Amino acid sequence: PIDRYHEVIVYEDGLLKDFVQFLKKNGLYENTVFVMYGDHGEGFGQHEGNFVHSNEVYEENVHVPLLISNPLLFGESEESEKVGTIADLYPTLLDIMGFDESEYDGPGRSLFRSDPNRMVFFYAGLGGDKIGLRDGRFKFINIPQQDRVELFDLTTDPQEKVNIADQEEQRVAFYTERTIAWKEHTYDVIHNQLNPTIKNVLGHKSVNLTDLPVAFYSQGWGFLRYDKNVVGKPFRIAGKDYPVFGFGTHANSIIEFDISAFESALLLAKVGRDMSGGAKNAKKKIRAEVWVDGAIVYRSPLLSSLNPPQDVRVPVTGNKLSLIIRQADDKAKGDHADWLEPRLLLP
């Protein structure tokens with residue numbers, strides 16, 4: 001597999017060469033700033049079970065190349081060991097163009113600015129949360145569901161083979177706290193961007209769940225979507241598009257709500273396996289469940305993307321309401337699922 005991967009890289013390098021030659025031929029080369037980077041690394045078994053790019057947060061998954069080039073702005077080539085993230089690209093380009101960085105209040109910072117105390121975080125959600133942190137020479141990985149942490153000194157161990165977590169208890173405790181806080185903050189930011197206005201629902205006879213704050217959510221891949229499926233497209237189940245409100249999620253997901261403000265309610269919704277997972281996965285199945293205060297109150301039949309949405313109608317009285325999608329086949333991929341028009345009817 002790695003030989004084929006290298007073949008793809010050589011082919012893409014050839015395309016880039018053709019593009020550069022086109023710019024030179026048309027007098028555009030010197031006025032072009034090239035910014036080339038990888039959006040992720042790729043695992044080829046460097047660590048047990050680590051293949052492709054979204055399973056882990058080891059260096060082979062998250063360490064990617066970044067090349068910035070322009071013959072007028074830069075002289076001889078220079079390599080930097082500075083650690084950054086994709087959020088740094090925008091302020092870096094502003095810096096190159098001469099804009100005052102203080103006018104930018106978004107995430108990230110210019111990679112041309114020195115910040116020796118900066119920490120960088122990264123995350124993989126496939127098969128459970130894996131939260132990583134880079135702090136100077138130290139690389140920390142936190143896997144909360146497995147109660148497992150790993151700490152590496154990349155100066156002496158760039159391949160991340162020797163876990164020194166048991167030798168650095170105070171550092172591990174600090175990094176554990178920081179990774180959990182970063183994840184919670186990131187989830188809050190994403191939720192607020194997707195659903196910026198939490199509407200006043202008290203006193204209404206019908207409450208859309210998309211108008212309630214999500215108390216907690218987790219899923220095997222991607223992020224929770226409002227009014228679109230998990231890849232940002234219209235809900236599509238069994239060949240039909242549904243231009244309605246709802247949640248787009250992925251298999252092995254849970255969405256929790258605090259419903260303690262409602263004395264009693266009737267949950268109405270439709271749930272189905274979204275077709276955006278691809279034709280080859282159309283027959284792969286999911287199962288939907290509804291739980292209230294840790295007890296199951298509804299379980300759907302097995303659903304493929306060829307089945308129409310399943311109607312959900314179940315009383316929910318308690319404090320915590322959970323919408324759950326389970327992956328029926330452990331080998332399935334692309335198990336996207338949609339909760340359509342989920343709402344509470346109040347007495």
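Just so we're clear, the structure is a prediction, and the values are computed from it rather than from any experiment. Just so you know, these numbers use all the heavy atoms, side chains as well, and skip hydrogens, waters and symmetry mates. By convention here, the first residue in the shown sequence is residue 1.
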Quiz item: Counting distance only, does the side-chain N/O of Asp153 pair as donor-acceptor with the main-chain N or O of Phe138 below 3.5 Å?
Solution: no
Practice problem: Given salt bridge (Lys or Arg N to Asp or Glu O under 4.0 Å), test Arg118 with Asp88 step by step and report yes or no. | Solution: CA-CA 12 Å; Arg118 185 185 185 192; Asp88 297 326; 2.9 Å; yes
Quiz item: Side-chain heavy atoms under 4.5 angstrom apart, residues restricted to Ile, Leu, Val, Met, Phe, Trp, Tyr: same cluster for Leu340 and Leu209?
Solution: no
Exercise. Determine, using the 4.5 Å side-chain heavy-atom cutoff (strictly less than), whether Met119 and Tyr58 are members of one ILVMFWY cluster.
Key: no
Quiz item: If you round to the nearest 0.5 Å, how far is NE2 of His6 from CG of Asp13?
Solution: 11.5 Å
Quiz item: So, Asn252 side chain and Arg326 main chain: donor-acceptor pair closer than 3.5 Å or not?
Solution: no
Quiz item: Would you say the ring centroid of Phe44 lies under 6.0 angstrom from that of Tyr5?
Solution: yes
Exercise. Determine yes or no for a side-chain-to-main-chain donor-acceptor pair under 3.5 angstrom, with Asp293 supplying the side chain and Gly318 the backbone.
Key: no
Quiz prompt | Side-chain donor or acceptor of Asp157 paired with backbone N/O of Leu154 under 3.5 Å | solution = no
Quiz item: Any side-chain heavy atom of Ile180 sitting closer than 4.5 Å to one from Glu177?
Solution: no
Exercise. Give a yes or no on this: more than 12 heavy atoms of other residues, nucleotides or ligands lie within 6.0 Å of atom CG of Asp18.
Key: yes
Exercise. Would you indicate whether the side-chain heavy atoms of Leu224 and Val214 approach each other to under 4.5 Å?
Key: yes
Exercise. Please round to the nearest 0.5 Å and tell me the distance separating atom CD of Glu289 and atom OH of Tyr298.
Key: 10.0 Å
Practice problem: Would you mind reporting whether Ile96 and Ile68 have side-chain heavy atoms less than 4.5 Å apart? | Solution: yes
Quiz item: Shortest non-hydrogen contact from Gly246 to Pro342?
Solution: CA-CD, 3.8 Å
Quiz prompt | Nearest non-hydrogen partners of Met36 and Leu16, listed with the distance | solution = SD-CD2, 3.3 Å
Quiz prompt | Contact check, side chains of Leu267 and Leu323, non-hydrogen atoms, under 4.5 Å | solution = yes
Practice problem: Indicate, with yes or no, if the rings of Tyr242 and Phe235 have centres closer together than 6.0 Å. | Solution: no
Self-check item: Candidate pair Arg236 and Asp274, rule salt bridge (Lys or Arg N to Asp or Glu O under 4.0 Å), full reasoning
Solution: CA-CA 6 Å; Arg236 186 169 180 80; Asp274 196 286; over 6 Å; no
Quiz item: Does NZ in Lys161 sit with more than 12 non-hydrogen atoms of other residues, nucleotides or ligands closer than 6.0 Å?
Solution: yes
Quiz item: Which of these, Ile254, Ile255, Val271, sits in a side-chain contact (heavy atoms from CB on, under 4.5 Å) with Ile325?
Solution: Val271
Quiz item: Just checking, is any N or O donor in the side chain of Glu60 or His47 under 3.5 Å from an acceptor N or O on the other one?
Solution: yes
Exercise. Could you walk me through whether Lys270 and Glu341 pass the salt bridge (Lys or Arg N to Asp or Glu O under 4.0 Å) test, one step at a time?
Key: CA-CA 7 Å; Lys270 294 180 182 293; Glu341 300 181 296; over 6 Å; no
Quiz prompt | Nearest atoms (heavy-atom pairs only) where Pro91 meets Gly108 | solution = CG-C, 3.7 Å
Exercise. State, yes or no, whether a side-chain contact exists between Pro309 and Leu303 at a heavy-atom distance under 4.5 Å.
Key: no
Quiz item: Shared ILVMFWY cluster between Tyr226 and Val207, side chains joined below 4.5 angstrom?
Solution: yes
Self-check item: Asp338 (side chain) donor-acceptor with Asn229 (main chain) under 3.5 angstrom
Solution: no
Quiz item: For atom CZ of Phe245, is the number of surrounding heavy atoms from other residues, nucleotides or ligands below 6.0 Å larger than 12?
Solution: yes
Quiz item: Which heavy atom in Ser253 sits nearest to a heavy atom in Gln219, and how many Å separate them?
Solution: CB-CB, 3.4 Å
Exercise. Show your working on side-chain contact (heavy atoms from CB on, under 4.5 Å) between Phe34 and Phe19 and close with a plain yes or no.
Key: CA-CA 11 Å; Phe34 294 89; Phe19 178 60; 4.1 Å; yes
Quiz item: Is the backbone N or O of Leu28 less than 3.5 Å from a side-chain atom of Thr32, with the two atoms forming a donor-acceptor pair by type?
Solution: yes
Self-check item: Val314 reachable from Phe257 in the ILVMFWY side-chain graph, under 4.5 Å edges
Solution: yes
Practice problem: Evaluate the criterion side-chain contact (heavy atoms from CB on, under 4.5 Å) for residue pair Trp291 and Val297; output intermediate values, then yes/no. | Solution: CA-CA 6 Å; Trp291 290 63; Val297 295; over 6 Å; no
Exercise. Among Phe122, Tyr175, Phe174, find the residue that satisfies the ring-ring contact (aromatic ring centres under 6.0 Å, His included) test when tested with Phe140.
Key: Tyr175
Quiz item: Is the number of heavy atoms from other residues, nucleotides or ligands under 6.0 Å of Phe74 CZ greater than 12?
Solution: yes
Practice problem: State, with a plain yes or no, whether a side-chain heavy atom of Val290 is found less than 4.5 Å away from one of Val312. | Solution: yes
Practice problem: State, without any angle test, whether Ser300 and Gln310 hold a side-chain donor-acceptor pair at a distance under 3.5 Å. | Solution: no
Practice problem: Take Ile259 and Asn319 through the test side-chain contact (heavy atoms from CB on, under 4.5 Å) and record every step on the way to the result. | Solution: CA-CA 5 Å; Ile259 59 170; Asn319 297 310; 5.8 Å; no
Quiz item: Can you tell me if Tyr123 and Asp129 form a side-chain donor-acceptor pair at under 3.5 Å?
Solution: yes
Quiz item: Is any side-chain N of the basic residue among Asp335 and Arg273 closer than 4.0 Å to the acidic one's carboxylate O?
Solution: yes
Quiz item: Which distance, rounded to the nearest 0.5 Å, do you find between the OG1 of Thr210 and the CG of Asp227?
Solution: 5.5 Å
Quiz item: So, for Ala215 and Asp258, which heavy atoms are closest and what is the spacing to 0.1 Å?
Solution: CB-N, 4.3 Å
Quiz item: Is there side-chain contact between Asp39 and Val64, with heavy atoms separated by less than 4.5 Å?
Solution: no
Quiz prompt | Side-chain donor or acceptor of Asn70 paired with backbone N/O of Glu30 under 3.5 Å | solution = yes
Practice problem: With rounding to the nearest 0.5 Å, note down the distance linking NE2 in His336 to CD1 in Ile237. | Solution: 12.5 Å
Quiz item: Mind checking whether Phe51 and Glu42 have side chains closer than 4.5 Å, heavy atoms only?
Solution: no
Quiz item: Which distance, rounded to the nearest 0.5 Å, do you find between the NE2 of His63 and the CD of Glu160?
Solution: 10.5 Å
Self-check item: Closest heavy-atom pair and its distance - Leu345, Ser206
Solution: CD2-OG, 3.8 Å
Quiz item: Does Arg113 come within less than 4.0 Å of Asp95, counting only side-chain N to carboxylate O?
Solution: yes
Quiz item: Given the rule in the side-chain contact (heavy atoms from CB on, under 4.5 Å) test, do Tyr29 and Gln21 qualify, once you have shown the distances and angles that lead to the verdict?
Solution: CA-CA 8 Å; Tyr29 176 67; Gln21 289 177 340; over 6 Å; no
Quiz item: Any donor and acceptor pair, going by atom type alone, linking the side chain of Lys82 with main-chain N or O of Leu111 inside 3.5 Å?
Solution: yes
Self-check item: Polar side chain donor-acceptor pair, Glu56 to Asn61, under 3.5 angstrom
Solution: no
Quiz item: Could you go step by step and tell me if Glu169 and Arg171 meet the salt bridge (Lys or Arg N to Asp or Glu O under 4.0 Å) rule?
Solution: CA-CA 6 Å; Glu169 292 185 3; Arg171 185 179 297 276; over 6 Å; no
Exercise. Kindly compute the distance separating CG (Asn31) from CG (Leu72), expressed to the nearest 0.5 Å.
Key: 7.0 Å
Quiz item: Taking a hydrophobic cluster as the set of Ile, Leu, Val, Met, Phe, Trp and Tyr residues connected by side-chain heavy atoms closer than 4.5 Å, whether directly or through intermediates, do Phe247 and Val292 fall within one such cluster?
Solution: yes
